[in-house]
Amino acid sequence: QVQLVESGGGLVQAGGSLRLSCAASGKIFRITAMGWYRQAPGKQRELVATITSGGGTNYADSVKGRFTISRDNVANAVYLQMNSLKPEDTAVYYCNVGHRVADWDLPSVYWGQGTQVTVSS
C-alpha cells in the first residue's frame, strides 16, 4: 500500500554531516507521524527522532543538538539532517511512517529498507 525509499547514507569522517531522505509512495491518503530509527551492531533498534503531523519533534538524548528532523507534506517525505557525526552514530537508519487509509482509521506503520551510515574516526 505504502512504500518508503530511503537515501543519503554513506561513509563520513567524525564531525561530518549527512542528510537522510525518505520518500513515501503508493496509495497515500494521509500520513501522520514520521520518524527515524537506527540499529547499530550489537544493539537493539532505537528511536532517533520523530515529527508529528503538526511539526512537533522529539529526539533521542544522544542526538539532541546535532540532528534535525523535518518533513515535506506535499512530497510525503521525511528528512534527517545529521551534523557533528560521531562514530557511535554508525548504524543502519530506518525511516518510519504512520499512515491511515481514511479519516476514521487508525494509523498503520511502514518502514523503509534501511540505509547504512558509517562514521569513521
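- Atom SG of residue Cys22 and atom OH of residue Tyr93 lie 14.5 Å apart, to the nearest 0.5 angstrom.
- Between Ile31 atom CD1 and Asn76 atom CG the span is 4.0 Å, to the nearest 0.5 Å.
- Taking hydrophobic clusters as Ile, Leu, Val, Met, Phe, Trp and Tyr residues chained together by side-chain heavy-atom distances below 4.5 Å, Val97 does not share a cluster with Tyr37.
- Counting heavy atoms from C-beta outward, Val117 and Met82 have side chains that approach closer than 4.5 Å.
- One N or O on the side chain of His99 and one on the backbone of Phe29 form a donor-acceptor pair closer than 3.5 Å.
- A donor atom on one side chain and an acceptor atom on the other are found under 3.5 Å apart for Tyr110 and Gln1.
- Heavy atoms only, all atoms of each residue included: Ala14 and Pro87 are closest at CB-CD, 4.1 Å.
- No side-chain heavy atom of Thr115 sits under 4.5 Å from any side-chain heavy atom of Val92.
- Here CG of Leu4 is found 8.5 Å from CD of Gln113. Values are rounded to the nearest 0.5 Å.
- No side-chain heavy atom of Phe67 sits under 4.5 Å from any side-chain heavy atom of Gln81.
- Using a 4.5 Å cut-off between side-chain heavy atoms of Ile, Leu, Val, Met, Phe, Trp and Tyr, with links allowed through other members, Val109 and Tyr94 fall into the same hydrophobic cluster.
- Counting only distance, with no hydrogens or angles, the side chain of Thr57 and the backbone of Ile51 share no donor-acceptor pair below 3.5 Å.
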Legend entry - Chi angles and distances behind the side-chain contact (heavy atoms from CB on, under 4.5 Å) call for Leu80, Val48: CA-CA 9 Å; Leu80 187 68; Val48 177; 4.1 Å; yes
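- Side chains of Val78 and Ile69 form a contact here, defined as non-hydrogen atoms less than 4.5 Å apart.
- No side-chain donor-acceptor contact under 3.5 Å links Glu88 and Thr90.
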Inset, instruction - Give the C-alpha distance, both sets of side-chain angles, the deciding distance and a yes or no for salt bridge (charged side-chain N to carboxylate O under 4.0 Å, His left out) between Lys86 and Asp89. - result: CA-CA 5 Å; Lys86 305 175 181 179; Asp89 295 319; over 6 Å; no
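- Between the SG atom of Cys95 and the CD atom of Glu6 there is a distance of 4.0 Å, given to the nearest 0.5 Å.
- Nearest heavy-atom pair across Trp36 and Leu20 is CH2-CB, 3.6 Å.
- For CD of Gln44, the number of neighbouring non-hydrogen atoms (other residues, nucleotides, ligands) closer than 6.0 Å is 12 at most.
- Within the 4.5 Å cutoff, no side-chain heavy atoms of Thr68 are placed close to those of Asn83.
- With contacts defined as side-chain heavy-atom distances shorter than 4.5 Å, the pair Tyr79/Arg71 does not qualify.
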Inset, instruction - Could you check Asp105 against Arg30 for salt bridge (charged side-chain N to carboxylate O under 4.0 Å, His left out), going step by step and ending with a plain yes or no? - result: CA-CA 10 Å; Asp105 192 30; Arg30 184 166 296 138; over 6 Å; no
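- Contact detail for Ser17 and Ser84: the closest heavy-atom pair is OG-N, 4.3 Å.
- Remark: Ser62 pairs with Arg38, Ala60 by the side chain to side chain contact (heavy atoms under 4.5 Å, CB included) rule, at least two apart or across chains.
- The ring pair (Phe, Tyr, Trp, His ring centres under 6.0 Å) search around Tyr59 returns none, not counting sequence neighbours.
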